[in-house]
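One structure is given below, encoded as structure tokens.
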Amino acid sequence: MEIAKTYNSAQAEQTWYKYWLDNKFFKSTPDHRTPYTIVIPPPNVTGVLHMGHMLNNTIQDVLIRRARMLGFNACWVPGTDHASIATEAKVVALLKEQGINKADLSREDFLKHAWGWKEKYGGIILEQLKKLGASCDWDRTRFTMDEPLSEAVIDVFIDLYNKGNIYRGVRMVNWDPQGLTAVSDEEVIHKEAQSKLVYVKYKIEGAEEFMTVATTRPETIMGDTAICVNPTDERYTHLKGKNVIVPVVNRVVPIIFDEYVDKEFGTGTLKVTPAHDINDFNLGQKHKLQTIDVLNPNGTISEAAGAYVGMDRFACRKQIIKDLEEQGLVSKIEEIKNKVGYSERTNAVIEPRLSMQWFLKMENVSKPALENVLNGEIKLIPDKFINTYKHWMENVHDWCISRQLWWGQRIPAWYDDKGNTVVAKTKEEAIVQLRIKNAELTTESVKQDEDVLDTWFSSWLWPITVFDPAVIRNGKENANEDLKYYYPTNDLVTAPEILFFWVARMAIAGYEWMGEKPFTNVYLTGIVRDKLGRKMSKSLGNSPDPLDLIEKYGADGVRVGMLLCSPAGNDLMFDESYCEQGRNFANKVWNAFRLIAGFEVGSDAVQSDAQKAAITWFENKLSEQLEIINDHYSKYRMSDALMTTYKLVWDDFCAWYLEAIKPDFIDGKAQPIDKATYDATIGYLESLLKIMHPWMPFITEEIWHLIKERDTKDCIIVAEWPTVKSNLDKKQLAEFEVSKELVAMVRNVRAQKQLSPKEKLEVIEKSEATRSYFDNTIIKLANLSAFSYTKEKVEGAFSFQIKTTEFYIPLAMTLNKEDEIERLTKELDYNKGFLKSVQIKLSNEKFVANAKPEVIEVERKKESDALSKIKTLEEQLSVLG
RNA sequence: GGGAGAUUAGCUCAGCUGGUUCAGAGCACCUGCCUUACAAGCAGGGGGUCACAGGUUCGAACCCUGUAUCUCCCACCA
């Protein structure tokens, strides 16, 4: 068999993904096994695969593949999110390119375009996930706007409305003038900005006095309906009951007094613009002020302003400063730093704006979602996020759930022309309900709310509705088989940025409609950053295209690369060199396989002691490391699990085991290997492939099938995860470590060309490694089993066979007696000190009273260990005199 | 302003109850090797006042108190 020297990943990726799909290895249906379920955080349907997805989905795939191998009924549900704002923006932009204006289209026509777009491009990201190797149950692919899922969203709205948790009200919302919609607080990104603080003079009515008011938003002056000062501010107490004249529009407004105003900031006066600032709005409510909205939805100045009408808000700001300056009404302009809110979706500057919106009262529904995270029913990994979560949940605001868009689930609220409102699933039902309130109702006058619901208002149901969208109206006791079997899911892997948007809300929904948590573990990944610590983003252009990376390093290489640098909950500083490391690892594995594939089993070949020792050792080593790997997995320490696997394969298997068992060359010809060694080696290779499989699905499947002919169903993807040996021989492992040191030292000495063979021998004899080797041997001579050591005695010396060269090491070590005494004394002193400390601890009443029994047990063990060690050392010292 | 977390080798990070796993790993770097699985490799090597200053302790990377720097979240002052 001719095997290429370097591993060709692209080919394996194509072959195996299709093979797995065809054989339905990803498919899951309820059966007698325990389920292990993950629902994908649905990527935006507009999305293309970026580094964040890669990280996220690789972790999910690793978890699901391992669960599958552990014998669980593994189900990973894929899907996409309709992402109302992002998608609508994209479709609007696309239509614009075609010369179509959204405003000219009817709602129905626009939605037709949007659906068309979704059908055409909506599946791209899922196809990309397949390239990565994602082993989702693709038959279960869902979309948050699938008919049944949308219906569930409407059911939920109606249910919450009937429970009295949804209300409609005029509120200050974050208005996105570009997207022409309200966005939630969480979708506003505050960025530090350099702003001008303009000091504007307001004339006091009936006096030649002016009041100076500092503002960063002079364009809202036309909306001023009061000036506010702190009642304790002595500078202004004489102005009680006075009015001022607002510049530009010459409106007379009162001076009001409120504790809210900070005396120290600016001039200690605040212009109150209730329509354009949340705090001003609150002040306006409190002091019953008039509200004048000077901005149009698109951010231009409105008719109500009475000046600068139609001008853009930023242009107006510049112009108004100029005009005020000309009128001598600007006393000074300061440069200050403040925070400006930007829309996460469109990056437009957010405008606080009054509008009629639908809200969900959070206080009634959010309690269980908080309690069950605090009591550990739902685990956040890493748990440092619990505090953040708690803080948010305790201060949660009502959720504005309406969006002024067309793409999404339309709010099932209906109005008649008399101002009555009802909530109903269909127009027919709405008419019935409205008739009760309005006897003269005509069918034509019934109008549905124009707005749609926030995207998160559908995705918060995701872990429920992907299985059974009808459960909301049927009730949880009538859930279908799927939901009963798969819910609650096991793990959720997502980014901490959407802990509140999504995770918290899913928890709320889970308890509200299922009475149970939606997931047990929430693994929060970090944010993928570049080497300089900047967030990877399209606009910065610092994000590599994941598909290019796959092409360059192979999917396995990229997967390994991503996870090598991603400790849970920490951001990861991504660098392509990690992928290179991943690819190199894949190649290493490939070559280990090449070596083994080249072995020829000879019927006459006998197993050497070295081979025997190596086999025993590796069996222990494999078990020992597997136990560690399992432990890392159980704590979701993915990078550690991977690194342990990496070192097990590279260092232990390739560098030591294979080197030890590989047959010698005689006359340029590789010797045959005995069957026992060969079989053991194949067995180890198979175990290692299984352990590697979750990380590197393609290469492991490829090699799995190249090792021997297998049945079509005998794939590594469904192979059984190896088990840990119960009787681990720790002593043997420790002894082998000593041998390794010796071998390394001998190799090193051998390589020193300037030394003669005799000199080399001397160096070896005197080396620390040899001494420590014999230290061990003297104590446990009978147990010696170093792989490179053979038992024959040559004239009072042991013969060490290390590769092709032999070294003779005298049995009686000529150690320097003084040195040895010094060493032993030092060690003895240390142990005595250690013993003393343990004993102090154990005699400490407070410690004994407070410590757990196990902790005391550990201390007692330390004490007895130290005692026996001291005894041994004293014996050794007495022998030396 | 409120809260959370971090600071250990050039980089990314481990280090669990304070001590015989205590200063570690991987990568990068340096030196020597194209040796018969692998140069995408092998063998060796250098490198850290554990951010700083105090304290507690027989003993501190680890506990306490300050300081500095960074990151994130929440709120936000015109």
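What you see below is based on every heavy atom in this structure, not just the backbone, and it leaves out hydrogens, waters and symmetry mates. To find a chain, count down the sequence lines: A is the first, B the second, and so on, and within it residues start at 1.
When heavy atoms are screened at a 4.0 angstrom cut-off, Thr215(A) is found touching the sugar-phosphate backbone but no base atom. As judged by a 4.0 angstrom heavy-atom cut-off over every strand, Tyr646(A) is placed among residues touching the sugar-phosphate backbone only. Within 4.0 Å (heavy atoms only), Lys669(A) reaches no atom of the nucleic acid at all. Using a 4.0 Å heavy-atom cutoff across all strands shown, Ala592(A) reaches at least one base atom of the nucleic acid.
Comparing Thr269(A) and Lys5(A) by the nucleotide of RNA chain B that holds the closest heavy atom to each, the one mapping nearer the 5' end is Lys5(A).
For Glu394(A) and rA75(B), the CD to C1' distance is 15 Å, given to the nearest whole Å. Glu580(A) has its CD atom 8 Å from the P atom of rA28(B), to the nearest Å. One can place CE of Met643(A) at 12 Å from P of rA25(B), the figure rounded to the nearest angstrom.
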- Message: Only Watson-Crick and G-U wobble pairs with both distances less than 3.5 Å should count. Give RNA chain B in dot-bracket notation, marking inter-strand partners with |.
- Response: (((((((..((((.....[....)))).(((((.......))))).....(((((..]....))))))))))))....
Side chains of residues 640-655 of chain A: which donor-acceptor pairs under 3.5 Å do they make with residues two or more places apart or in other chains?
residue	atom	partner	partner atom	Å
Thr644(A)	OG1	Asp640(A)	O	2.7
Thr645(A)	OG1	Ala641(A)	O	2.7
Tyr646(A)	OH	Gln581(A)	NE2	3.4

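One finds no side-chain N or O of His276(A) lying less than 4.0 angstrom from the OP1 or OP2 phosphate oxygen of rA78(B). Within the structure, every side-chain polar atom (N or O) of Lys384(A) is placed at least 4.0 Å from both OP1 and OP2 of rG5(B).
Closest approach to the Lys588(A) side chain among rG41(B), rG26(B), rA78(B) is made by rG41(B) (side chain taken as heavy atoms from C-beta onward). Across rC74(B), rA14(B), rG26(B), the shortest atom-to-atom separation from the side chain of Trp392(A) is found for rC74(B).
Side-chain contact of Tyr202(A) with Asp224(A): a donor-acceptor pair under 3.5 Å is present, judged by distance alone.
Between the base of rA43(B) and the side chain of Glu659(A) there is no donor-acceptor pair shorter than 3.5 Å.
A gap of 25 Å separates the P atoms of rC11(B) and rG5(B), to the nearest Å.
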